[in-house]
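First listed ligand is number 1; within each ligand, the first listed atom is number 1.
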Amino acid sequence: MLADALNVRVFASELEAASSCAALVANAVREKPSLVLGLPTGRTPLNVYRELVALYQKGRVDFSRVTTFNLDEFLGLPPDDPSSMRAYMERHLFQHVNLASERIHFLDGSAERAERECVRYDIQLASAGGLDLLLLGIGPNGHVAFIEPGESLQAASHRARLSRESRQTVASLFGDDVWKVPPAALTLGMSALLQARRVILLAFGVNKAAAVTAMVRGPITPLWPASFLQLHGNVEVWVDSEAGRGLDGSR
Ligand code: GLP
């Protein structure tokens with residue numbers, strides 16, 4: 001029997017996984033108050049952010065020295081656009097905890113020159129020493145951050161053309177109107193994800209099952225970008241039974 005390259009942990013419910021994940025983040029901050037944290041958007045981490053806010057309100061975690069880098073941003077949207085990923089983070093986490101604004105980092109979707117903005121972001125991340133802990137979600141098509149499936153993938157931060165499927169995934173940020181979702185985004189590249197010292201990837205629900213199976217058991221291929229995480233060595237995949245159902249039984 002072959003062992004999986006990724007450690008999979010199946011939780012009884014999405015809520016249980018979210019509160020364990022928030023507790024893990026809080027512990028990591030206690031152990032290293034200047035933690036550099038990589039953060040995703042999407043529906044998946046919402047309960048984690050809610051739990052982190054609750055832990056902060058109870059005085060159980062102090063974010064004052066923590067640095068954050070978000071994974072991606074829509075191209076063309078300024079940070080204060082209510083549909084931007086930056087605005088999402090403000091609503092669900094940043095406004096409610098004591099992160100220092102100068103230690104919150106984001107790709108600027110409204111930057112005039114996208115390529116230059118990506119280089120700036122990679123330099124900023126490298127200067128911070130890379131990510132200590134990275135939380136990830138996964139798209140039903142196997143994308144992580146906005147590293148989209150294709151014939152090849154890019155190591156560095158880059159501009160990504162969004163597939164229709166990925167635009168559908170984030171349509172809720174645009175009043176459920178997929179046509180309002182920008183056609184492109186800026187995203188961290190695979191190199192930043194693979195260099196993170198520890199990764200927790202969360203996936204819940206049956207529509208993530210195919211992507212989870214391809215990521216954990218499939219060949220490493222840019223057609224399923226998350227499969228590159230098999231090369232990492234310190235990735236935990238936290239799923240509920242629905243997202244993990246393709247992994248039943250040994251390989
Ligand atoms: C978006 C983000 C990803 C996220 C994915 C899944 O496209 N760029 O970082 O993991 O969607 O979203 P959800 O958690 O809503 O299923």
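Applying side chain to side chain contact (heavy atoms under 4.5 Å, CB included) to R86 and the options D81, D108, L107, I104 leaves one that passes, I104. The only member of F69, F94, Y121 that meets ring-ring contact (aromatic ring centres under 6.0 Å, His included) when paired with H105 is F69.
With sequence neighbours excluded, the residues satisfying side chain to side chain contact (heavy atoms under 4.5 Å, CB included) with E16 are F11, A12, S13.
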For ligand 1, run through the N/O pairs with the protein that fall under 3.5 Å and put one pair on each line.
residue	atom	partner	partner atom	Å
ligand 1	7 (O)	H143	NE2	2.8
ligand 1	8 (N)	D72	OD2	2.7
ligand 1	8 (N)	A145	O	3.0
ligand 1	10 (O)	I138	N	3.4
ligand 1	14 (O)	R43	N	3.2
ligand 1	14 (O)	T44	N	2.9
ligand 1	14 (O)	T44	OG1	2.5
ligand 1	15 (O)	R43	N	2.7
ligand 1	16 (O)	K208	NZ	2.7

Please tabulate, for the side chains in residues 34-58, all donor-acceptor contacts under 3.5 angstrom to protein atoms that are two or more places apart in sequence or on a different chain.
residue	atom	partner	partner atom	Å
N47	OD1	R50	NH1	2.7
Y49	OH	P40	O	2.6

Acceptor/donor pairs from residues 181-195 side chains to any protein atom, 3.5 angstrom cut, sequence neighbours excluded:
residue	atom	partner	partner atom	Å
T187	OG1	F146	N	3.0
S191	OG	Q195	NE2	2.7

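Using a cutoff of 4.0 Å between basic side-chain nitrogens and carboxylate oxygens, R120 and E117 are scored as salt-bridged.
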